[in-house]
Amino acid sequence: MECGKNIVILGTGGTIAGVAEDAGASVGYKPAQLGIAQLLQAVPDLQRLAGAALQAEQLAQLDSKDMDHATWRLLAQRCAELLARENVGAIVITHGTDTLEETAWFLQCVLAPAKPVVLTCAMRPASAVSADGPGNLRDAVACAAHDRAAGRGVLAVMQGQVFAARQVSKTHPYRVDAFDGGEAGPLGWIEEGRVRWAAAAAQQAAQSLPPATALPEAEHWPQVELLSSHAGCSTAVALAQVQALCAAGVRGLVVAGTGNGTTHKALDVALDHAQAQGLAVRRTTRCARGRVVQAQGADDSRVSALPAVKARISLMLELMGWPRTDR
Ligand code: ASP
């Protein structure tokens, strides 16, 4: 059940690399303190589990709440280089939990990798008595090495579960089982180092994507921002917001609407203004599950099937020439 080729582990920081002064503390620690080599040392049987040579690289060292487009570009380009190598079978990325779902979706849209790319994380710092990082890293490597992991795109592994990049989201701010796969649930489970898939990998439609090297320098990425609709919206405030966003050079807006993607009438005025100014607008729902459902026969191209944070990434890439990925 092993891929036999090198597995490259890229460290980017997060709580998995975090340290607290008190081993009993699960908050109030410093994330992104330990290097990737130290994280690997905490899992003595990682090499055996991989069934292949492990290679580690420190790609970044940040708290993922501060994730930025320059780091995404670096990550996508390094992954593309590694995946193109005959002797690399899979990539594992250690990441903070806060924006893991965004990085996973970004990499899926840019790379749509045939080989496994697996993100993992931790909710407890490495110094905690209840540290979950070593187990998650172990599971991520087992998943990456599995001969049926390929063809499933970018994956996220935590708490013994495997999720697809499109579905994974962080749903709890504190608990160790902080992630889920929404209505789709997990793609599989990892138990005692063994992977159990819920179903065979679906046939992937052939995709023609620009190479990751086509990503411009981060300062040239179109800025896409998020707005949400809520009770008590004010037309004056929403208009001022949109005018300020236009003045700041924002190119797109994603609106997390109420329920089935609806927006407060006060916000509609501002959205019409945004569109008249040439901003690309996408509408999605702030509901945690499901997607906006259009009326029979309707096909509003502004409707996105993704949660707002992922719709933002899809729109940004679309504005840079990538195919649309949010329907
Ligand atoms: N703030 C941390 C991060 O996202 C939280 C975590 O990793 O759990 O990097």
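Just so you know, ligand 1 is whichever comes first in the structure, and atom 1 is the first atom listed for that ligand. Below, all heavy atoms of this structure are taken into account, side chains as well, without hydrogens, waters or symmetry copies. Note that the coordinates shown come from a computational prediction; the quantities given were computed from them, not determined experimentally.
Using a distance-only test at 3.5 Å, with no hydrogens or angles considered, no donor-acceptor pair links the side chain of D98 to the main chain of S64.
Using a 4.0 Å cut-off between a side-chain N of Lys or Arg and a carboxylate O of Asp or Glu, R194 and E191 do not qualify as a salt bridge.
When only interatomic distances are considered, the shortest N/O to N/O separation between T97 and ligand 1 falls below 3.5 Å. Residue-to-ligand polar distances keep H95 apart from ligand 1: every N/O pair is separated by 3.5 Å or more.
From the protein, the heavy atom lying nearest to atom 5 (C) of ligand 1 is T15 OG1, 3.1 Å. In terms of protein heavy-atom proximity, atom 9 (O) of ligand 1 is closest to S64 N, 2.7 Å.
Counting heavy atoms closer than 4.0 Å to ligand 1, residue P31 contributes nothing at all.
Side-chain atoms of S314 and W105 include a donor-acceptor pair closer than 3.5 Å.
Ligand-side atoms of ligand 1 in range of A122: 6 (C), 7 (O), 8 (O), range being under 4.0 angstrom from any heavy atom. Near D63, the atoms of ligand 1 lying under 4.0 angstrom from a non-hydrogen atom of the residue are 1 (N), 2 (C), 3 (C), 4 (O), 9 (O).
Just one residue in the list R291, K310, R282, R166 forms a salt bridge (charged side-chain N to carboxylate O under 4.0 Å, His left out) with D326, and that residue is R282. Across R78, R85, Q77, a single residue satisfies side chain to side chain donor-acceptor pair (under 3.5 Å) together with E81, and that is R78.
No side-chain heavy atom of I7 sits less than 4.5 Å from a side-chain heavy atom of P116.
Ligand 1 is never approached by A178 to a heavy-atom distance shorter than 4.0 Å.
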